[in-house]
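Here's the structure we're looking at; comments come further down.
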There are 2 protein chains.
Amino acid sequence: MGRIKTDNNASRKDVIIEKAAILFKEKGFKAASMRELADVVGVEAASLYNHIKSKNELLHEICFSVANRYNQKLELLEAESVSSLQKVENLLRFHIDGMVHHFEEVFVSDREWKHLSEPYLSNFQNQRRSYRKRFAAIIEEGIKNKEIKKIDATTAVLIMFHAISGIESWHRSKQKISGKELEENMIAILVGGLKK
Amino acid sequence: MGRIKTDNNASRKDVIIEKAAILFKEKGFKAASMRELADVVGVEAASLYNHIKSKNELLHEICFSVANRYNQKLELLEAESVSSLQKVENLLRFHIDGMVHHFEEVFVSDREWKHLSEPYLSNFQNQRRSYRKRFAAIIEEGIKNKEIKKIDATTAVLIMFHAISGIESWHRSKQKISGKELEENMIAILVGGLKK
DNA sequence: AAATAACACTAACAATCGTTAGGGCAAAAG
DNA sequence: CTTTTGCCCTAACGATTGTTAGTGTTATTT
């Protein structure tokens, strides 16, 4: 068939992961086969194994690449000296942006992490739990400061994250508003729902 | 192994569907096998086929049972003569309640419908699109009435539905607030985010 | 009690799955 | 140019998948 074509300085493994994210998003991790992936990449299924160890490796590369990006952002954000409500807005915008511009991998990380194999599964779940707790802490701080209405912070976090994952529908819709408009609308509703 | 036990006036097929919803929720439709399902039901895999036609039938029974319930509710709601904002709140509460009390089937319908086979897939997608449009129309009415702030109605719908599907996290969490508290918190944030 | 229908079993099927082995060719290094 | 390395191929493996055929057993009806 010919070699896997790489752009710039991306490795062949990177190319495979990128295509895998698209495929996993479309069909789901379990339903996507290595033969389909090979087709998309332009190679025979067996050839993929010159670059990767297993199908599962693809999934955890995707999941942890996303998780690391978000953890890093949160780290920075916590150190900033702005109001709690601004921190929330800032983080929401980051998530919305991620969902708009790195759609496939974020989507896969969100929806298919259950299929991770141990020890990655436990690791991922722990990171996820911790991330949400830290976000909840920001909201609780905002409640204490009377910037945010008195609500259950855990529930607020749940709403925020899942609302954002709904950008999936925006991607699928034919006639869609621009990414920027989407972002402003989401912020208006979500941040508006938190304000006193 | 012995016969499938049925409660009350539920058919054996109903029992299978019920167990299938639980299994599909836990492992995903593709990852769940008929042999696993048979185990849960307490029977050999082949015996399931005395009651159902295929694995796919199970999925579309689940999906359309949920879809029909929501369509019926919307029908009634549209006829009610209350304010737009109240209609929105009413529908949100219905969805929250569904997610709390009929968790497995609603979750499966929400997340696994992609695996429906034709013509059920197209049918389901059409119903879904139509449902969302009708919900968006209610919101747009509310905007015209100046009950609801000026936002993109489609985006609002997207946020609402996906926020509600986040109740999945609530089910998984160890120390959770009550269903009623959850509902009130969600309404506070979501309806609060719409109000002018 | 006899006949019928409903249901569960064992065994097996064809298809598809992820993955490995081993060989050949092209690019890179010497 | 020669050697080595990287990459892709074909072929095949063992496991698992959904499902069917055929037979026996239990419950229901006559």
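For clarity, every value in this text was computed on a predicted model and none was experimentally measured. Note that these values count all heavy atoms, side chains included, but never hydrogens, waters or copies made by symmetry.
Heavy-atom neighbours of A/Lys195 NZ from other residues, nucleotides or ligands within 6.0 Å: at or below the threshold of 12. Summarising the local packing, NZ of B/Lys19 is surrounded by 12 or fewer heavy atoms from other residues, nucleotides or ligands at distances under 6.0 Å. Surrounding NZ of B/Lys30 are at most 12 heavy atoms belonging to other residues, nucleotides or ligands under 6.0 Å away. No more than 12 heavy atoms of other residues, nucleotides or ligands lie within 6.0 Å of NZ in A/Lys27, so this atom counts as exposed by the packing criterion.
In this entry the distance linking CZ of B/Arg35 with C1' of C/dT10 reads 12 Å, nearest Å. Separating the CG atom of B/Leu48 from the P atom of C/dA8 is a distance of 9 Å, rounded to the nearest angstrom. If you take NZ of B/Lys30 and P of C/dT16, they are 11 Å apart, rounded to a whole angstrom. Nucleotide D/dT19 holds its C1' atom 13 Å from the CG atom of B/Leu58, rounded to whole Å. One interatomic measurement links the two molecules: CD of A/Glu36 to C1' of C/dT16, which rounds to 11 Å at whole-angstrom precision. Rounded to whole Å, atom P of D/dC9 lies 11 Å from atom CG of A/Asp39. Remark: P of D/dT19 and CG of B/Leu37 are 11 Å apart, rounded to the nearest angstrom. One can place NZ of B/Lys55 at 11 Å from C1' of D/dT16, the figure rounded to the nearest angstrom.
Where A/Ser47 and B/Ala46 each meet DNA chain D at their nearest nucleotide, the meeting point lying more 5' is that of A/Ser47.
Side-chain N/O atoms of A/His51 include one lying less than 4.0 angstrom from OP1 or OP2 on D/dC8.
Evaluation of atom-type donor-acceptor distances gives a pair under 3.5 Å for the side chain of B/Asn50 against the base of C/dA8.
Of the candidate nucleotides D/dT19, C/dC9, C/dC7, C/dC7 has the atom nearest to the side chain of B/Arg12. For A/Ser54, taking side-chain heavy atoms from C-beta onward, the closest of the listed nucleotides C/dT19, D/dC9, C/dA8 is C/dT19. In this structure, the nucleotide among D/dT26, D/dC7, C/dG18 sitting nearest to the side chain of A/Arg3 is D/dC7. When distances are taken from the side chain of B/Tyr49 to each of C/dT20, D/dG18, C/dC7, the shortest belongs to D/dG18.
Ring geometry, A/Phe24 versus A/Phe29: the interplanar angle exceeds 60°, so the pair is classed perpendicular (tilted spans 30 to 60°).
Using a 4.0 Å heavy-atom cutoff across all strands shown, A/Ala32 reaches sugar-phosphate atoms only and no base atom.
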